[in-house]
Each structure stands twice: as C-alpha cells, then as structure tokens.
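Inspection log for the structure reproduced underneath, given as structure tokens.
Lettering of chains follows the sequences in order, A, B, ..., and the numbering in each one begins at 1.
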Number of protein chains: 2
Amino acid sequence: MLKQTELIIKPDESLGFNARMTHRAFTRALQARLTKHNIPIGQWYYLRVLWREDGLTQKALSDQLGIMGPTTVVALRAMERDGLIKRVRNESDRRKINIYLSEKGKALETELSPYIEDINLQASDEISEEDIEAFKRVSEKIRLNLEAFEAAA
Amino acid sequence: MLKQTELIIKPDESLGFNARMTHRAFTRALQARLTKHNIPIGQWYYLRVLWREDGLTQKALSDQLGIMGPTTVVALRAMERDGLIKRVRNESDRRKINIYLSEKGKALETELSPYIEDINLQASDEISEEDIEAFKRVSEKIRLNLEAFEAAA
DNA sequence: GGGGTTAATTTAGTATGCGAATGATTAACT
DNA sequence: AGTTAATCATTCGCATACTAAATTAACCCC
C-alpha cells in the first residue's frame, strides 16, 4: 500500500543506495574468503597497502585508505598483537610510527592477494570494458562532487 | 619506495575500492546533514522506507534495505525509544512485529527528505545521463555476479 | 629560546553491522 | 494430536568506523 506521494525517490533507484549495496557485496565476498585465514577484513586493507610499500606511517596508511586515525590505531594494534606487523617509533620524528610487515605478514601476500583478483574478475563478469570504465569514472566524479559539496557547507 | 612487483592491482583502481570510497562519500554527506536533526544515519534508512510504506514488519524492512535482522532490531529499538515509531505485535501472526511511524516520525519527512534529493543531485553533477545509467546498471550487475559467486562457494 | 601552532598518535564514547545461537510462534507433516 | 520444520525477532560477541578530546612531539616566529 504505497502512499500517493510517489515523488520520493525509491531507495533502490538512488545513487547512494546503489553504492551502498555494491560496497556490501564486495565486503561480503572478501570477508568470506578471509575468514578461512582468520584475517578480519579491516586488517586486509592495511596488508594490501603494506605489501606494495612497507614502512609507511600510520598517518600515511590512514590517508591512502581514507580511514580515520583512530580506526587505524585499533586495526594496527590487533595486527601487531597477531604478529603481522611491527610498529617502530620514527627516530627522526618521534611523533611518527612506521609500520613494517613481519615475515608472517609478508608471507600472507601469496596466500591472500589472489582473492582480490578473483573477486574483481567475478564482479566484472559479462560487463563491457566501457561500462567498467564508466563505473570507475562515475565513482570518482561522485566522490569529487560530494567533497566539493561538503567543503562548501 | 615501491616494490618491483607492480603486478598487484593498485587499490585505487579496483572495483571494490571504488565502491567502498563512493559509499563512504555518500554516508559522510548524509550524516553531516542528519546530525543537525539528531537523527543517526542508521535510523534514516528505516524512516525513508516507512515514509513510503508504513506498517511494514521488521523482516520486510530488513529485506528491502539488505540489512540483517539483528541490526534492524537495534536500530528500531532506538527509534522507538526516541519516539519515532511504534512497534506493534501482529495479531494474526504473533511472530511478526509491524512498525508504524509516530506523528514525530511522520513529521520528519518534510524536514529530512529534501536531503536525499540534494545529495543525489550534487553527486550526479556534470555526469551524463548515460554514465549515471551505466553506473546503476554496473552496480546491479556486480551485485548479481558476486551473489552468484557466493552461492557457488 | 619561549610561546603558540601544527602534526601524529592515542583514548574514550558511540553507532553500525555481521554471524551464531536462542526463543517464540506458526506451518507442515505424519 | 503430536512431532518436526520453518519463520520472525532477539541476544550476544565481535569488528569496523566515526567524532571529540587528550597527549606528545616538532615547528615557527618573534
């Protein structure tokens, strides 16, 4: 029994809803795979960056991932506890802490990194190259638009 | 200092990363506006559906929004506490609980619903109609692809 | 070189979200 | 009718993520 006011955008047609659902689909897919290795998805993000570039500071990690500092602190603390990383106070600027992968953390790359390839491959199945490009292009433009919007307010 | 293995997909080029960042941009934009009205974003989702169709069961709300039952329970409990909804045990099937907006909950529609319009408008600024359609089309296809993938595993 | 500002990290508090397990009720099947 | 299965809501424990505020360290400017 719908109300007469059909003017309200149906949730499932809005850009925000689409972004939300798509993000959750990726998260679920990835989490399902990582659970087998006892790696929470929140740690995966940091591992992935560190595999490419070891020794980053917490700030640099946060910035690259678009994740707030406090969230990073909690994730990295757990990762150190689990022996995936070492946190080393920077000697030339003692405000900073550099994050280095342990052997265990490095070794996970071979095991885990195929997942992202798998998932991206599956996700883009039967979607044209042009559409994939459009998706990325629109994603980025939306982010820029909303950032500009926030900045203005 | 990048490692020589450039084979790993850069995070910011993967579909998953794009979906994640875009979702967060929407969330931030919406949250900033809702905070002024003391409405947590987790309650907004339910309000939005109820404005269109009042009296749905918790299960129906969860399904429409793609949110798990336990999350819905917590959100609706807070909403009842805040006087936005009434939870009424269904008489013909006493397992169900129907959710009805209070006057206060209904009244919020006029105040809050413009936001989603604003944000969607801003988000889609300077993006062609075709690209918007492609974004939605790809979003949905990705979800279907990943669901099929999960089901297979 | 002191005082104020900025930067990086941390703590505390709260909200959101999931999976697994449980309770309560109804439906389905002998 | 009585047992079993399915459905809806809930509780619990944990992970993720934010804001606000505190802490420590570095920088800058007079």
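- Backbone-only contact: B:Thr57 has heavy atoms under 4.0 Å from sugar-phosphate atoms and none from a base.
- We find that CZ of B:Arg28 is positioned 12 Å from P of D:dA17, with the value rounded to whole Å.
- By the side chain to side chain contact (heavy atoms under 4.5 Å, CB included) test, B:Gln122 pairs with A:Phe149, sequence neighbours left out.
- Toward the 5' end of DNA chain C, the nearer of the two residues A:Gln58 and B:Tyr45, judged by each one's closest nucleotide, is A:Gln58.
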Anything under 3.5 Å between a protein N or O and an N or O of nucleotides 11-15 of chain C, put it in a table, one pair a line.
unit_1, atom_1, unit_2, atom_2, d
C:dT11, OP2, A:Arg77, NH2, 2.6

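- Distance, A:Leu30 CG to D:dA15 P: 16 Å, rounded to whole Å.
- Distance from the side chain of A:Thr71 is smallest to D:dA17 among D:dA17, C:dG17, C:dT9.
- Between C:dG17, D:dT10, C:dT9, one nucleotide has an atom nearer to the side chain of B:Ile97 than all others, and that is D:dT10.
- Among residues two or more places apart in sequence or in another chain, the ring-ring contact (aromatic ring centres under 6.0 Å, His included) test is passed with A:Tyr115 by A:His37.
- With sequence neighbours left out, the ring-ring contact (aromatic ring centres under 6.0 Å, His included) criterion links A:Phe135 to B:Phe135.
- OP1 or OP2 of C:dT10 lies within a sub-4.0 Å distance of a side-chain N or O belonging to A:Arg87.
- With sequence neighbours left out, the side chain to side chain contact (heavy atoms under 4.5 Å, CB included) criterion links A:Ser128 to A:Glu130, A:Asp131.
- Rounded to whole angstrom, the span from the CD1 atom of A:Ile67 across to the C1' atom of D:dT16 amounts to 9 Å.
- The interatomic distance linking B:Met68 (CE) with D:dT10 (C1') rounds to 15 Å, in whole Å.
- By the salt bridge (Lys or Arg N to Asp or Glu O under 4.0 Å) test, B:Asp125 is found to be paired with no residue, residues two or more places apart in sequence or in another chain being considered.
- The separation between B:Lys59 atom NZ and D:dA6 atom P is 14 Å, rounded to whole Å.
- Ring orientation note: the planes of B:Trp44 and B:Trp51 are nearly perpendicular, at an angle over 60° on the 30°/60° scale.
- The distance between atom CG of B:Leu47 and atom P of C:dT16, rounded to the nearest whole Å, is 11 Å.
- For D:dA15, the OP1/OP2 oxygens have no side-chain nitrogen or oxygen of A:Gln43 closer than 4.0 Å.
- B:Asn90 places its CG atom 11 Å from the P atom of D:dC8, with the value rounded to the nearest Å.
- Counting non-hydrogen atoms of neighbouring residues, nucleotides and ligands closer than 6.0 angstrom, the CD atom of A:Glu133 exceeds 12 such neighbours.
- The side chain to side chain contact (heavy atoms under 4.5 Å, CB included) search around A:Arg87 returns A:Gln58, A:Leu76, A:Glu80, A:Ile85, A:Ile97, A:Ile99, not counting sequence neighbours.
- Evaluation of the side chain to side chain contact (heavy atoms under 4.5 Å, CB included) rule for B:Ala78 yields B:Gln43, B:Arg81 as partners, not counting sequence neighbours.
- A rotation axis mapping the C1' atoms of four pairs onto the next four is fitted at both ends of the helix from C:dG1-D:dC30 to C:dT30-D:dA1 over five pairs, and the angle between these axes is 20° to 10 degrees.
- Rounded to an integer number of Å, the gap from A:Ile39 CD1 to D:dT16 C1' is 16 Å.
- Between B:Ser62 and the options B:Thr57, B:Thr71, B:Thr72, a side-chain hydrogen bond (donor to acceptor under 3.5 Å, both in side chains) holds for only B:Thr72.
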Which pairs, protein N/O on one side and nucleotides 23-25 of chain D N/O on the other, fall under 3.5 Å?
none

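- With sequence neighbours left out, the salt bridge (Lys or Arg N to Asp or Glu O under 4.0 Å) criterion links A:Lys136 to no other residue.
- Alongside A:Tyr100, the hydrophobic cluster contains A:Val88 (criterion: ILVMFWY side chains under 4.5 Å).
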